[in-house]
Amino acid sequence: MMTPTTTVPATVTAFDLVSGLSAQRPTLRRRLSAMAAMYADVEAARAQVERDDVLVYEFYDMGVPETSGDVAYGTSITYPGKVGDEYHMTKGHFHSVLDTGEIYFCLRGTGYMLMENPEGDWQAAEFGPGQAVYVPRRYAHRSINTSATEPLVTFFAFPGHAGHDYGTIETRGFRKLCVERDGEPVFVDNPKWAG
Ligand SMILES: O=P(O)(O)OC[C@H]1O[C@H](O)[C@H](O)[C@@H](O)[C@@H]1O
Ligand SMILES: [Fe+2]
């Protein structure tokens, strides 16, 4: 690294391009027990937890100041698997400051970014290696891994002051579920959606 000439040093972190992980920091890890009730087949989720409380995903909080002038970033890795016929996914969240977007860049794997605004308008963008997805402001977002074998590895960036609102999604869920039908991912109505 060049000899520093400023009082605020840059932060340099090495992420592995295959695993999405960094040896320099711990990840935040979400096992199935942390979100069993968010899956459509809660019984299947709870039975899986009893057998093996699998690691569904992990991601980084790089500790960036939560100001509008800073940019939070990191990688998020969603591991392959299903609960019943529903693919592994992140909890999903709105930003506390609703009018903030987020950028995701897919390094590896296949899946979708499911998005939904407070009015219940939804859209899904497909993830593939090299694919960047822009999550517009006001849209809750959830990463979904549709591979049977490969992790879904993404790099994300969002305004430092955005914050995370999990409550709305924990309460009403997303309008659509991503499930496997005849070996293929499809989006179906969520019968529990309280839109
Ligand atoms: O927050 P979740 O919905 O559990 O998803 C996990 C993480 O996914 C993305 O990487 C976001 O940028 C993170 O801020 C978020 O915490
Ligand atoms: Fe976000």
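Atoms within a ligand are numbered from 1 in the order they appear, just like the ligands themselves. Heads up: numbering here begins at 1 and tracks the sequence. The figures that follow rest on heavy atoms only: side chains count, while hydrogens, waters and symmetry mates do not. Remember, it's a predicted structure, so these values are computed and weren't measured experimentally.
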Atom pair CZ (Arg142) and CD1 (Ile169), whose distance is rounded to the nearest 0.5 Å: 7.0 Å
Under-4.0 Å salt bridge between Arg175 and Asp189: no
Using the six-membered ring wherever Trp is involved, compare the ring planes of Tyr104 and Phe127 and label them parallel, tilted or perpendicular (cut-offs 30° and 60°). tilted
N, O or S atom of His93 closer to the Fe ion (ligand 2) than 2.8 Å: yes
side-chain hydrogen bond (donor to acceptor under 3.5 Å, both in side chains) partners of residues 52-66, not counting sequence neighbours, each pair once: Thr27-Glu58, Arg29-Glu58, Ser33-Asp53, Glu58-Tyr79
So what's ligand 1 close to, N/O to N/O, under 3.5 Å?
unit_1, atom_1, unit_2, atom_2, d
ligand 1, 1 (O), His93, ND1, 3.1
ligand 1, 1 (O), Tyr166, OH, 2.4
ligand 1, 3 (O), Gly92, N, 2.8
ligand 1, 3 (O), His93, ND1, 3.0
ligand 1, 4 (O), Tyr57, OH, 2.4
ligand 1, 12 (O), Glu102, OE2, 2.3
ligand 1, 14 (O), His164, NE2, 2.6
ligand 1, 16 (O), Tyr166, OH, 3.4

Starting at CZ of Arg46, measure out to CG of Leu32 and round the result to the nearest 0.5 Å. 10.0 Å
Positive for ring pair (Phe, Tyr, Trp, His ring centres under 6.0 Å) with Phe158, one of His164, His93, His141: His164
With a 4.0 Å cut-off, would you call Arg138 and Glu119 a salt bridge? yes
Would you name the N/O/S atom of Glu102 that lies closest to the Fe ion (ligand 2)? OE1
